[in-house]
Amino acid sequence: ILAQAARLFLPRYCDFELESMADKASNEASSEEPSTARICGEGILDGFSLIARGVVATGSATAFVVTRTSYPVKEALFSIIDGTSEYFNPYLSKSHSCNGAAVFRLEDGR
């Protein structure tokens with residue numbers, strides 16, 4: 001539009017410069033708008049980042065649940081192992097001996 005207006009009002013030698021400036025201005029305006037490929041690429045990268053964040057969050061939550069639920073299971077397993085060991089080897093059981101050993105008791109002061 002600018003080039004057409006310049007042809008009407010300016011001499012012939014100015015047409016080339018105005019057209020090139022108009023072309024530059026239109027190229028600059030079009031370069032500011034992202035292309036369809038760029039928009040698609042950014043969308044794909046956003047999708048990959050969404051999936052990656054989901055995988056990381058799921059792994060973190062799974063690790064948290066495993067640590068919280070495995071401790072009671074581990075303690076129950078060790079209790080079973082200790083009970084079995086004490087049953088088959090009674091001399092290894094931890095018991096208090098009252099054969100002359102000092103015993104400390106808290107006296108009730110009432």
Side-chain angles (χ1 to χ4, degrees):
I1 295 176
L2 182 62
Q4 290 173 355
R7 279 189 207 132
L8 294 174
F9 297 108
L10 295 175
R12 190 85 176 141
Y13 62 90
C14 292
D15 285 345
F16 180 72
E17 291 180 37
L18 288 177
E19 283 182 14
S20 64
M21 284 194 279
D23 289 338
K24 288 180 184 176
S26 68
N27 287 340
E28 288 176 6
S30 67
S31 67
E32 291 176 6
E33 297 175 10
S35 67
T36 306
R38 182 176 176 100
I39 293 171
C40 182
E42 287 178 356
I44 289 171
L45 290 175
D46 284 341
F48 286 153
S49 69
L50 178 71
I51 291 170
R53 280 184 278 150
V55 167
V56 168
T58 302
S60 173
T62 302
F64 179 78
V65 168
V66 166
T67 58
R68 297 296 179 177
T69 57
S70 65
Y71 181 75
V73 172
K74 178 191 80 157
E75 289 298 318
L77 183 65
F78 282 139
S79 175
I80 291 170
I81 292 170
D82 289 341
T84 305
S85 176
E86 286 179 8
Y87 179 78
F88 287 113
N89 305 310
Y91 57 90
L92 293 177
S93 67
K94 298 174 184 170
S95 62
H96 299 287
S97 118
C98 295
N99 300 340
V103 178
F104 299 98
R105 294 195 181 151
L106 190 62
E107 295 280 332
D108 194 15
R110 292 189 239 182

Is S60 reaching over with its side chain to a backbone N or O of V56, donor-acceptor style, under 3.5 angstrom? no
Tightest non-hydrogen contact, residues T69 and V73, listed as O-CG2, 3.5 Å
Rounded distance [0.5 Å steps], CD1 in I39 versus CD1 in I44: 12.5 Å
Donor-acceptor under 3.5 Å (T58 side chain, G54 main chain): yes
I need the D46 CG to L50 CG distance, nearest 0.5 Å. 8.5 Å
Could you work out, with salt bridge (Lys or Arg N to Asp or Glu O under 4.0 Å) as the rule, every residue matching R53, not counting sequence neighbours? none
